[in-house]
Structure formats: C-alpha cells, structure tokens
Amino acid sequence: KLLEESGIINMVSAAASFAMAVIFGLWYRLKHAKHYHMAQLKKTMKSAFTLGKTVLFILTAAACYAIAVCMTLLIGYVMPDTLDQYLDMAKMVFEDGPITLIMSLLFAPIAEECLIRGLIQRRLESYFPMIAVLLIESACFGILHGNLVQGLYVIPLAMVTGYLSYQYRSVIPTILFHMLYNFMPR
C-alpha cells in the first residue's frame with residue numbers, strides 16, 4: 001500500500017512541479033524578462049559561465065551540499081524523531097526514480113527559482129537592503145520545502161542563489177545552480 005501511495009504522491013508532486021514551472025516560468029518571462037533581449041541573455045551566460053566561474057559554481061554547490069549534510073546530522077542529533085520523519089518521507093518520495101529525477105532536476109528548480117528569486121526577491125529588493133532580502137527570501141525558500149529538516153538545510157543554497165540572482169539580474173544562473181545542487185546524491 002505504501003508503494004501505491006508513494007506512486008500517487010510522486011505523480012501529484014511531478015504534475016504540481018511541472019505546472020508551477022510553467023506558470024512561474026511564463027510569469028517571469030512575461031513580467032521581468034520581456035525587456036531581456038537575447039543579446040543580454042548571451043552576455044549574462046558568458047559572464048556567469050566562464051571556466052573559472054563554472055568551477056566556482058561546482059565547488060560552491062558541493063560546499064552547500066556539505067553544509068546540508070552537516071546540518072542534517074546536527075538535526076538528527078538534536079531532534080532524532082524529526083529526522084526520522086523526514087527520512088521516511090524522503091524515502092517514500094524518492095522511490096519512484098524517473099518521475100522524481102525529472103521533478104527534482106528540472107521542474108522544481110525552474111518553479112522555485114522563478115517564484116522565490118524572480119518574484120519574491122525582486123519585490124523585496126525595492127524595499128530592503130540586500131542582506132535583509134537574502135535572509136527573507138532564504139526563509140521563504142526554506143518554508144516552501146514544507147518540512148523542518150529540508151527547510152533548514154536549503155538555507156545555504158537559498159543564500160547563494162539569491163546572491164546569483166542579484167549579481168546577474170537573471171534567474172537563469174540560479175536555475176542552473178539549483179539543478180546542479182539537486183543533482184548531487186541524496
């Protein structure tokens with residue numbers, strides 16, 4: 001029965017992630033990127049993905065992942081029941097290989113980055129200093145993940161992607177960084 005529930009949960013999650021990716025991706029494209037011409041996109045990509053910066057992106061993603069592992073171990077030490085509940089949920093979600101892989105590597109990064117960095121962060125930048133923006137959008141990103149363990153361990157990822165969005169004025173580098181982070185083993 002658990003496998004049947006897992007399959008249903010994964011299908012619903014995949015459909016929701018796909019819908020969010022489409023909705024927030026279109027919203028971002030129509031609202032913020034409509035004045036963003038192909039020449040600007042090429043310039044951003046060239047600027048963001050030089051060899052040195054690509055290596056730095058990979059190392060930073062690995063560092064975020066290492067911090068997430070340490071935070072998870074700390075949570076397990078301080079709140080073992082909370083970690084057990086998270087691991088049970090994660091096991092159920094990740095049992096359905098291809099659907100989960102597509103959802104976590106493609107749809108979720110697009111949807112989450114367009115929503116958090118493209119919508120929320122852009123709005124916050126008009127009202128707060130950048131450090132406050134990074135703290136608020138990181139908290140929103142953590143809450144979006146829906147559980148304490150993941151909510152805490154994604155904060156370093158949120159800080160980095162928030163900075164990337166600010167630095168490059170685009171969600172493209174943040175989406176690619178988020179995909180790279182999600183590609184790391186769980």
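Just so you know, these numbers use all the heavy atoms, side chains as well, and skip hydrogens, waters and symmetry mates.
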Step-by-step side-chain hydrogen bond (donor to acceptor under 3.5 Å, both in side chains) determination, Gln150 to Asn147: CA-CA 6 Å; Gln150 215 175 1; Asn147 63 74; 3.1 Å; yes

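- Exactly one residue among Thr174, Leu176, Ile172 makes a side chain to side chain contact (heavy atoms under 4.5 Å, CB included) with Glu113. That residue is Thr174.
- Note on Leu87: it clusters hydrophobically with Val78, by side-chain heavy-atom contacts below 4.5 Å among ILVMFWY residues.
- The shortest heavy-atom contact between Tyr65 and Tyr181 is N-CE1, 3.6 Å.
- Pairing each heavy atom of Pro156 with each of Leu152, the nearest pair is CD-O, 4.0 Å.
- Neither Val149 nor Ile143 shares a network with the other; the hydrophobic side chains, linked directly or stepwise wherever heavy atoms of I, L, V, M, F, W or Y lie under 4.5 Å apart, form separate groups for each.
- The distance from the CD1 atom of Ile75 to the OG1 atom of Thr82 is 8.0 Å, given to the nearest 0.5 Å.
- The ring of His145 has its center no closer than 6.0 angstrom to the ring center of Tyr86.
- Between Leu157 and Phe177, the closest side-chain pair of non-hydrogen atoms falls below 4.5 Å.
- Contact check for Leu134 versus Glu137: side-chain heavy atoms found under the 4.5 Å cut-off.
- Side-chain contact check for Leu164 versus Phe57: some heavy-atom pair is nearer than 4.5 Å.
- Cluster membership for Ile58 and Leu56, using ILVMFWY side-chain heavy atoms within less than 4.5 angstrom, is not shared.
- Here CD of Glu112 is found 9.5 Å from OG1 of Thr161. Values are rounded to the nearest 0.5 Å.
- A salt bridge is defined here as a Lys NZ or Arg NE, NH1 or NH2 lying under 4.0 Å from an Asp or Glu carboxylate O, and Glu125 with Arg169 meets this definition.
- Residues Ile67 and Leu180 do not share a hydrophobic cluster, defined by chaining ILVMFWY side chains whose heavy atoms lie under 4.5 Å apart.
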His178/Phe183 under ring-ring contact (aromatic ring centres under 6.0 Å, His included): CA gap, chis, key distance, verdict: CA-CA 9 Å; His178 193 154; Phe183 187 72; over 10 Å; no

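- Residues Cys64 and Val160 approach most closely at SG-CG2, 3.7 Å, considering heavy atoms.
- Within 6.0 Å of the CG atom in Leu59, the count of heavy atoms belonging to other residues, nucleotides or ligands exceeds 12.
- Leu135 and Tyr163 fall into different hydrophobic clusters, where Ile, Leu, Val, Met, Phe, Trp and Tyr side chains are chained together by heavy-atom contacts under 4.5 Å.
- Between the Gln121 side chain and the Gly162 main chain, a donor and an acceptor come within less than 3.5 Å of each other.
- Heavy-atom minimum distance, Asn182 versus Pro109: ND2-CG, 3.7 Å.
- Contact between Gly142 and Val154 at its shortest, heavy atoms only, is CA-CG2, 3.8 Å.
- Rounding to the nearest 0.5 Å gives a distance of 9.5 Å between CZ of Phe107 and CE of Met179.
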Evaluation steps, side chain to side chain contact (heavy atoms under 4.5 Å, CB included), between Arg117 and Val171: CA-CA 7 Å; Arg117 262 49 81 185; Val171 296; 4.1 Å; yes

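- Between the CG atom in Asp88 and the CG atom in Leu83 there is a gap of 9.5 Å [rounded to 0.5 Å].
- Taking each heavy atom of Val133 and Phe128 in turn, the nearest pair found is CG2-O, 3.7 Å.
- Taking CD1 of Ile116 as the start and OG of Ser138 as the end, the distance is 9.5 Å to the nearest 0.5 Å.
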